[in-house]
Amino acid sequence: MVSCGIDIAAKRAVFVFLKLDDSVSDVTGAFTQLRVQDDDDPGALSAFHRSAMNMFAARRPHRIGILQRKKFGTFAASGTTFKLEALLQLYPEQKVEIVSGQELRMFAKERQPAVAPRYKYQKNAYLLALYLLGSGH
């Protein structure tokens with residue numbers, strides 16, 4: 001089973017693909033994030049979408065999840081992040097889940113999984129991918 005955790009911030013989406021056989025292994029590969037330079041440029045958005053769909057097609061995840069961002073308040077996410085989320089949700093082969101930060105924190109507190117991302121900025125995406133491997137819904 002392969003899961004994909006995605007953390008979107010600013011103008012980038014951070015990906016972690018984890019595979020569960022006898023143990024958990026990181027199968028993300030060389031491309032750990034995708035950026036869009038100009039979210040008002042349809043060509044840049046199309047390129048982001050194509051790249052993400054190619055990543056999904058190459059790794060064929062059983063579950064894909066995006067860490068939910070705040071919609072209102074002081075730390076509300078930018079409009080760009082909502083565009084990127086929508087583009088990622090267009091993957092036709094698999095439903096893309098939105099997982100709340102609260103749900104992820106509860107998972108981390110209860111299960112206390114070993115979080116070992118390759119890069120520090122992948123921590124939330126890695127934890128989300130572990131969550132998707134471990135929860136059965």
Side-chain angles (χ1 to χ4, degrees):
M1 178 173 173
V2 175
S3 69
C4 174
I6 305 169
D7 185 19
I8 302 172
K11 293 184 175 188
R12 74 177 183 172
V14 175
F15 296 82
V16 171
F17 291 86
L18 296 180
K19 184 176 185 177
L20 177 62
D21 287 324
D22 293 332
S23 63
V24 175
S25 57
D26 188 332
V27 293
T28 305
F31 297 103
T32 59
Q33 60 185 320
L34 291 175
R35 294 180 183 272
V36 62
Q37 295 301 328
D38 181 1
D39 67 304
D40 290 327
D41 176 11
L45 293 173
S46 288
F48 175 91
H49 180 251
R50 273 191 312 278
S51 295
M53 298 303 108
N54 288 338
M55 286 176 71
F56 293 152
R59 290 163 188 84
R60 303 179 51 88
H62 295 86
R63 293 183 76 186
I64 301 170
I66 299 173
L67 184 59
Q68 185 178 42
R69 293 146 351 280
K70 284 186 72 171
K71 296 179 182 177
F72 307 103
T74 306
F75 298 104
S78 71
T80 301
T81 63
F82 292 100
K83 287 181 183 181
L84 300 183
E85 179 182 288
L87 291 171
L88 293 168
Q89 287 179 311
L90 293 174
Y91 183 54
E93 303 301 319
Q94 192 64 263
K95 176 185 166 216
V96 177
E97 306 169 43
I98 305 297
V99 178
S100 73
Q102 179 181 3
E103 199 171 340
L104 198 57
R105 284 188 298 278
M106 285 177 38
F107 167 76
K109 186 177 179 179
E110 290 172 4
R111 299 271 184 96
Q112 298 181 351
V115 179
R118 195 170 357 148
Y119 302 106
K120 191 173 185 171
Y121 64 82
Q122 290 180 297
K123 181 183 176 189
N124 289 334
Y126 192 98
L127 184 60
L128 180 54
L130 283 174
Y131 167 82
L132 295 170
L133 285 177
S135 65
H137 63 286

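Values reported hereafter were calculated over all heavy atoms of this structure, with side chains retained and with hydrogens, waters and symmetry mates removed. Start at 1 with the first residue, then count along the sequence.
- Atom CZ of Arg60 is surrounded by 12 or fewer heavy atoms from other residues, nucleotides or ligands within 6.0 Å.
- In the hydrophobic clustering of this structure, Met1 groups with Leu128; members are Ile, Leu, Val, Met, Phe, Trp, Tyr whose side-chain heavy atoms approach within less than 4.5 Å, directly or through other members.
- Under a 4.5 Å side-chain heavy-atom criterion applied to ILVMFWY residues, the cluster that includes Met53 comprises Val2, Ile6, Ile8, Phe15, Phe17, Val27, Leu34, Val36, Leu45, Phe48, Met55, Phe56, Ile64, Ile66, Leu84, Leu87, Leu88, Leu90, Tyr91, Val96, Ile98 as well.
- Between Pro117 and Gln122, the closest heavy-atom pair is CB-CB, 3.7 Å.
- We find the CD-CD distance between Glu85 and Gln68 to be 8.0 Å, quoted to the nearest 0.5 Å.
- Rounding to the nearest 0.5 angstrom, the gap separating the OG1 atom in Thr81 from the CG atom in Asp39 is 9.5 Å.
- Within the structure, the side-chain hydrogen bond (donor to acceptor under 3.5 Å, both in side chains) test picks out the following pairs touching residues 15-31 (sequence neighbours left out): Asp26-Thr28.
- With side-chain heavy atoms closer than 4.5 Å counting as contact, directly or through intermediates, the hydrophobic cluster containing Val14 also holds Tyr119, Tyr121.
- Taking Arg59 as the reference, nothing meets the side chain to side chain donor-acceptor pair (under 3.5 Å) condition, with sequence neighbours excluded.
- Taking every heavy atom of both residues into account, Leu127 and Ala108 meet most closely at CD2-CB, 3.9 Å.
- Nearest heavy-atom pair across Gly5 and Ala129 is N-CB, 3.7 Å.
- Remark: side-chain polar atoms of Arg118 are paired, donor with acceptor, to backbone N or O of Gly29 under 3.5 angstrom.
- Checked against salt bridge (Lys or Arg N to Asp or Glu O under 4.0 Å), Asp7 has no partners two or more places apart in sequence or in another chain.
- To the nearest 0.5 Å, atom CD of residue Gln37 and atom NZ of residue Lys11 are 7.0 Å apart.
- Put simply, the side chain of Ser3 never gets that close to the backbone of Arg63: no donor and acceptor are under 3.5 Å apart.
- With sequence neighbours excluded, the residues satisfying side-chain contact (heavy atoms from CB on, under 4.5 Å) with Asp38 are Asp40, Asp41.
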Open item on the list: Using side-chain contact (heavy atoms from CB on, under 4.5 Å), reason through Glu103 and Met106 one step at a time and then give a plain yes or no.
Closed with: CA-CA 5 Å; Glu103 199 171 340; Met106 285 177 38; 5.8 Å; no
